[in-house]
Amino acid sequence: MGRFICAAVIRLVFVAVGGASAGVATAETQSPPDRPNIVFIMADDLGYADLGCYGQEKIRTPNLDRMAAEGLRFTQAYCGTSVCAPSRCILMTGLHGGHSYIRANKATPPEGQEPIPAGTFTVARMLQQAGYRTACIGKWGLGGTGSSGAPEKQGFDHFFGYICQSKAHEYYPEYLWRNGQRVELDGRTYSHDLMADDALKWVRDNRDRPFFLYLPFTIPHSKLQVPDLGPYADEPWIPEAKAFAAMIARMDRDIGRLLDLLKELGLDTKTLVMFTSDNGSFGGRMRDFFKSGGELRGIKRSMYEGGLRVPMIARWPGHVPAGKVSDEPWAFYDFLPTCAEVAAARPPAGLKLDGISVLPALLGGRLPAREYLYWELHEPHSQQAARFGDIKAVRPGWNAPIEIYDLKADPGEQHNLAGVRPELVKKAEGLLKSARVDSTLWPIKLPRAATATASRPAGNRE
C-alpha cells in the first residue's frame, strides 16, 4: 500500500464553511508513476435493494454481484442528497447539502441545469492537476455547454453523453455531446450502448497513465426503454417491469465488460472501482414490485433512508478486502478527500471541505469518529436530515417537527422517538441549524399544507 498512499496522510476534517467556492487555489501538479486509477460508476435512481448482492430476488446482476464478492460492500453508504443535480454537485465538490452551491434541480434554458461556478474545486480538477487523465461519460447535469459548469471547464479532459439531465429521460436521443460539440444521432441508437463503448475505448486509450473515469450512467431512470428484454422477455410481469429489469441487466453486462477489460490490460490490481447510485428509488410500481428500497422507508426526494441510502461497492484487488461487508456510514462528500489520499493529490491550502477520507474503511478498517452526517434538499420543498451515531433526525418540511429514529433498532424508520427522547430533539435542532448556511439561489421553501409528506411519491421529473 505504501507506494500508492501519500506518506503524509491527508485528513480533511468535517468543518463548517461559509460558501462553496471560497478559498480555491491552484494545487501543485504531480505525476507519480504508479498511483491507482479510479473508476466511479453511478447508476441513476437505482434503489438500495435493486442488486442481487443487496437482496434483490427478481433482477439478476451477476457482474455487480461478482464485484461485491471480489471487493467490499457497504450497507450504510449515502448519496449527497435525494435528487439528481445536488447529489452530483456534492460528489464532485466534497461539500454537503448545507454548503454546496447546487441544492435542488434548476433548469437553465436552452439546455442544462444551474452551472457550478468557474473556479469550483472539483475532484476531477484535483486529479487532473495531480497528473491524472480525467473523463466523464454519462449524464452531467451541473451546467450546460459553454457555461461555467461545463465538464471540460470543471476538470474533465473528456466528456461524452448528456449535458442536460432533462434530455437524459430519452434513451434514443437525437444527439449527445462530446467535448462541447453536438454529436448528431439517428434517434434509433440506444444511448447507454454508445456511452459504454466510449468508456471502454477511453480506458484503452489512456491505459499508460493514471486515470479517473466518472461513469454516471442514466439507467434505470425513466423512460423505461431498452432495445430488448433479454432474459426477462418471457416473465409473467407487466411490460414496465420487464423493461426495468432488462435495463439494469444491460448496465450490469457493461460493468462486467469494463472489469474484464481492466484485467485484460493488466490494470486490475491498479484500479479502484466503485459503484453506487445518485439517490434512492424513484418510487411507483417498480419500487413496489421489485422491493427496490428493501426495508427502508421513503424514496427519491425524501430525507428518509430509502431516499438517501444507496448501494456502494468498492473493488481494488490486493488492497480492498474481498467478500467483506462494511457497516461504516459515509456519504458522497467523502469521495473527494478519499481520492486525495488514494491518489496522493493535494487540495488547495485552506480549502474547507465537509468530507473525510474513507480509505481506512475501503481497506477493511474503521473510520474515525465524526460529529454527524448532514443532508439538505429544496425540492419540492425544503427538508433536512442529520445522522449522529445511530440516531437519525429528519425534518421533512422546514416548519415540520423534527422526527427521531434509532437506525440500529429501526432501520425502516417506523418509530418516531421524538416524543420520548426530547434530549435528542434538542441536539438535532442544534445540528440542523449549525450545519448549514443560507443559499440565495435556493431560499427556504415551506411545504404546502396537506402535500408535505416527504415519503410520498413526488413524480420523476429529473
Side-chain angles (χ1 to χ4, degrees), residues 1-15 27 30 32 35-42 67 71-80 87-96 99-100 120-132 134 136 155 210-216 270-278 309-321 324 326-348 351-370 373-374:
M1 279 300 301
R3 63 176 182 168
F4 291 108
I5 307 305
C6 181
V9 175
I10 298 170
R11 294 292 185 196
L12 298 169
V13 297
F14 199 104
V15 294
Q30 314 165 57
R35 290 169 300 163
N37 307 308
I38 300 169
V39 177
F40 192 89
I41 309 167
M42 187 165 70
M67 184 175 163
L72 184 64
R73 181 172 64 87
F74 288 92
T75 61
Q76 298 189 61
Y78 293 91
C79 59
S87 191
R88 292 158 196 262
C89 179
I90 290 164
L91 176 72
M92 288 290 103
T93 62
L95 298 171
H96 65 50
H99 300 140
S100 62
T120 299
F121 191 77
T122 64
V123 63
R125 189 183 306 280
M126 178 184 71
L127 293 172
Q128 187 183 59
Q129 292 172 347
Y132 276 62
T134 58
C136 173
F211 61 76
F212 168 49
L213 174 59
Y214 172 41
L215 276 178
K270 301 176 182 178
T271 305
L272 169 62
V273 182
M274 304 177 76
F275 174 86
T276 190
S277 177
D278 64 340
R309 197 184 294 199
V310 289
M312 179 68 75
I313 305 169
R315 179 185 183 273
W316 184 10
H319 305 280
V320 170
K324 299 296 184 180
S326 174
D327 62 359
E328 290 293 295
W330 61 283
F332 273 14
Y333 48 89
D334 295 324
F335 181 62
L336 189 155
T338 301
C339 288
E341 185 169 2
V342 168
R346 297 181 184 177
L351 178 66
K352 295 179 179 179
L353 301 172
D354 292 312
I356 63 170
S357 171
V358 299
L359 182 61
L362 291 174
L363 301 181
R366 311 296 293 184
L367 293 178
R370 58 178 160 188
L373 295 166
Y374 179 82

For [X], all residues meeting side chain to side chain donor-acceptor pair (under 3.5 Å), sequence neighbours excluded:
| X | answer |
| --- | --- |
| Arg315 | Glu70, Asp268 |
| Tyr78 | Glu305, Arg387 |
| Thr134 | Asp157 |
| Thr276 | none |

Is there a donor-acceptor pair closer than 3.5 Å between any side-chain N or O of [X] and the backbone N or O of [Y]?
| X | Y | result |
| --- | --- | --- |
| Thr122 | Met92 | no |
| Arg88 | Pro216 | no |
| Asp327 | Thr75 | no |

Any idea which heavy atoms bring [X] and [Y] closest together, and the distance?
| X | Y | result |
| --- | --- | --- |
| Tyr214 | Leu91 | CE1-CD2, 3.7 Å |
| Leu72 | Ala361 | CD2-O, 3.1 Å |
| Pro36 | Val342 | CG-CG1, 3.4 Å |
| Arg366 | Pro360 | O-CB, 3.4 Å |
| Gly155 | Gln128 | O-NE2, 3.3 Å |
| Leu351 | Phe121 | CD2-CD2, 3.5 Å |

> Would a 4.5 Å heavy-atom cut-off, applied to side chains only, mark Thr120 and Thr93 as touching?
Replying inline: yes
> Does a side-chain heavy-atom distance below 4.5 Å link His319 with Leu272?
Replying inline: no
Gap between atom [atom2] of [Y] and atom [atom1] of [X] - 0.5 Å precision:
| X | Y | atom1 | atom2 | answer |
| --- | --- | --- | --- | --- |
| Asp334 | Leu359 | CG | CG | 12.0 Å |
| Ile313 | Met67 | CD1 | CE | 5.5 Å |
| Phe74 | Arg309 | CZ | CZ | 13.5 Å |
| Cys79 | Tyr333 | SG | OH | 10.5 Å |
| Ser357 | Leu362 | OG | CG | 7.5 Å |
| Leu373 | Asp354 | CG | CG | 10.5 Å |

> Who are the ring-ring contact (aromatic ring centres under 6.0 Å, His included) partners of Phe335, not counting sequence neighbours?
Replying inline: Phe40
>> Could you work out, with ring-ring contact (aromatic ring centres under 6.0 Å, His included) as the rule, every residue matching Phe212, not counting sequence neighbours?
In response: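 Phe212 satisfies ring-ring contact (aromatic ring centres under 6.0 Å, His included) with no residue once adjacent residues are dropped.
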> With under 30° as parallel and over 60° as perpendicular, where do the rings of His96 and Tyr374 fit, or are they tilted in between?
Replying inline: tilted
> Partners of Arg73 by salt bridge (charged side-chain N to carboxylate O under 4.0 Å, His left out), sequence neighbours excluded?
Replying inline: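 If we apply the salt bridge (charged side-chain N to carboxylate O under 4.0 Å, His left out) test to Arg73, skipping adjacent residues, there are no hits.
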